[in-house]
Amino acid sequence: MLAVLGFATLGSFMLLVMRKHLSAFTAIMLTPIAAALIAGKGAKLGDMIMNGLDTVAPTAALLLFAVLYFGLMMEVKLFEPVCQVIVRASKGDPVRITVGTAVLALLVALDGDGTTSYMIICSAFLPIYRRLGMNPLIVAAIAAMSLGTISGTTPWGGAATRGISVLHLNATDYFVHMIGPMALTSLAIIAVAYWLGLRERHKIDPEALAAYKLEIASGEAFEPVKPDWRMWFNAALTLLLMVLLILEVADLLVLFMVAFVIALLVNIRSISDQQDLIKRQAANAVPVMILVLAAGVFTGIMTDSGMIKAMADAALAVVPDSMGNLIPLFTAILALPLGFFMSNDGYWFGVVPVLAESAAHYGIDANQIARAGAIGQILHMMGPTSAPLWVLLGLVKAELGDFQKHALRWGIPVSLAYIAFAVITGAVTVT
């Protein structure tokens, strides 16, 4: 009963959002609440919601200050020189631009922080896409796939760290076998970017493209940027922030709060101007926060009601005992839909241990379950419970349904390719 209700809840949410019958904010709250009432768990609804909010409240606060910080950096044009270098290197060619998007996205994803990665990628490329009339959803799709592949696989990324800790694994044993599949999947993302660039090249008016290439060659495409001491200070502060994030010197929320206050005082001295900046950036920050909190409601109800565990058990039950050796492969396939709809905490701490325990009965190492589970991170980055996704949607100014229609078209094939690469290289064995 709970499993059926859980699958129905997920399907209803997707249908309501993608058909635009409800906004993501209302659908992500109403569907699990309705499911809990149908399951007879209305009396515990308040506790389940609060448990979910407790898990996402720090993330919501982190995203608030991350959006404020990078919003300020964009306003003071910190990333403008980077954009100009990329534009010159691309020579206005949409194919080079999309491939450059993929390469940069894969590189910045190494820091493991989704919000930071999306901010950097969008700061560098969105102005270029808008100038040429290219589809900004391409940036979003490539960024999400890249983050899911790199950050979702590396031991210092949030997802794999959960798997390594909950299954008590050695990080080296887990990761060394994933380097090959991760590299091959990265090449697949670059290939997708190349294909999308070819499509955009044919859509753009040839005369407009030729004119833009002439502007780039002559230098007329850019407004002169004269670095002053504030720009150098902002660059140093941002670099220091990235280093501290990677070294985990302090909690991410603390680092972004302190960095934002320092940047605000250095760049904007007037109190009224500081207040105006916060009001402007609130238009981007507040929608992100309320959607993250709504996702916490979704996660809390689905997890505490037992629907998530029931769904995993039901899916695992279809594997006959004679095919127990296929559990790693089945885990990788199951990771795609569950990763899409579930929070990483709920998935890695609730579902993966169940799968690992089942696999252990067939002599399958827990490392394989962790590797298989990480493959679902590509679709997780496109799902409603991925907190950085809401930042990404705010940056590209896209609705969740529109993004998912575009991104899943490429994210699902890339995820299936990732599974195939993992099987071929032996990271996920099928014997």
Side-chain angles (χ1 to χ4, degrees), residues 66 69-70 73-74 78-91 93-129 134 136 138-161 175 178-197 235-248 252 374-375 377-378 380-382 386 388-389 391-392 395-396 407 410-411 414-415 417-418 421:
Y69 179 83
F70 282 104
M73 291 299 106
M74 290 179 196
L78 172 63
F79 302 106
E80 189 66 23
V82 177
C83 295
Q84 294 186 8
V85 170
I86 294 171
V87 172
R88 289 192 181 95
S90 70
K91 298 181 180 179
D93 182 9
V95 174
R96 293 189 181 189
I97 291 170
T98 54
V99 170
T101 303
V103 172
L104 180 62
L106 290 166
L107 289 175
V108 298
L110 285 168
D111 79 343
D113 180 66
T115 302
T116 304
S117 299
Y118 290 155
M119 288 286 189
I120 294 173
I121 296 162
C122 290
S123 298
F125 281 100
L126 270 181
I128 304 170
Y129 278 68
M134 296 171 65
I138 293 176
V139 178
I142 291 174
M145 288 190 294
S146 300
L147 189 70
T149 300
I150 303 299
S151 178
T153 301
T154 52
W156 55 88
T161 300
F175 184 58
M178 286 299 283
I179 295 175
M182 184 175 68
L184 292 171
T185 306
S186 298
L187 291 176
I189 293 171
I190 292 173
V192 168
Y194 181 84
W195 170 250
L196 292 173
L237 179 62
T238 303
L239 180 61
L240 176 62
L241 176 60
M242 296 299 102
V243 172
L244 295 178
L245 287 173
I246 294 171
L247 295 178
E248 299 181 353
L252 298 183
I375 292 172
Q377 286 300 298
I378 294 176
H380 173 74
M381 295 302 172
M382 300 176 181
S386 172
L389 172 64
V391 175
L392 181 62
L395 290 169
V396 300
W410 307 105
V414 169
S415 297
Y418 202 174
F421 295 146

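Atom set for the values below is all heavy atoms of this structure, side chains included, hydrogens, waters and symmetry mates excluded.
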Looking at CG of L244 and CG of L239, how far apart are the two atoms once the value is rounded to the nearest 0.5 Å?
9.5 Å
Scan for side-chain hydrogen bond (donor to acceptor under 3.5 Å, both in side chains) pairs involving residues 183-194, sequence neighbours excluded, and state none if there are none.
none
Nearest heavy-atom neighbours spanning M182 and I150:
CG-CD1, 3.8 Å
Side chain T153, main chain T149, donor-acceptor under 3.5 Å
yes
Separation of F125 CZ from M134 CE (nearest 0.5 Å):
9.5 Å
Using side-chain heavy atoms (C-beta onward) and a distance below 4.5 Å, is I128 in contact with T101?
no
I would like to know whether V192 and I142 meet side-chain contact (heavy atoms from CB on, under 4.5 Å); could you show each step before the answer?
CA-CA 8 Å; V192 168; I142 291 174; 5.7 Å; no
Please report the closest heavy-atom contact between L392 and A140, naming both atoms and the distance.
CD2-O, 3.6 Å
Please give me the minimum heavy-atom distance between A143 and A105, naming the atom from each residue.
CA-CB, 4.2 Å
To the nearest 0.5 Å, how far apart are CD1 in I138 and CD1 in I97?
10.0 Å
Measuring from Y418:OH to M145:CE, what's the distance to the nearest 0.5 Å?
13.5 Å
Grab the two heavy atoms, one from A144 and one from M382, that are nearest each other, plus how far apart they are.
CB-CG, 4.1 Å
Are L241 and Y69 close enough, and set up right, to give a side-chain contact (heavy atoms from CB on, under 4.5 Å), and what steps lead you there?
CA-CA 11 Å; L241 176 60; Y69 179 83; 3.8 Å; yes
Smallest heavy-atom separation, T98 atom then G197 atom, equals OG1-CA, 3.3 Å
Rounded distance (nearest 0.5 Å) linking atom CD1 of I189 with atom CD1 of I378
5.5 Å
What heavy-atom pair brings S415 and I375 nearest, and what distance separates the two atoms?
O-CG2, 3.9 Å
To the nearest 0.5 Å, what is the distance between OG on S386 and NE2 on H380?
4.5 Å
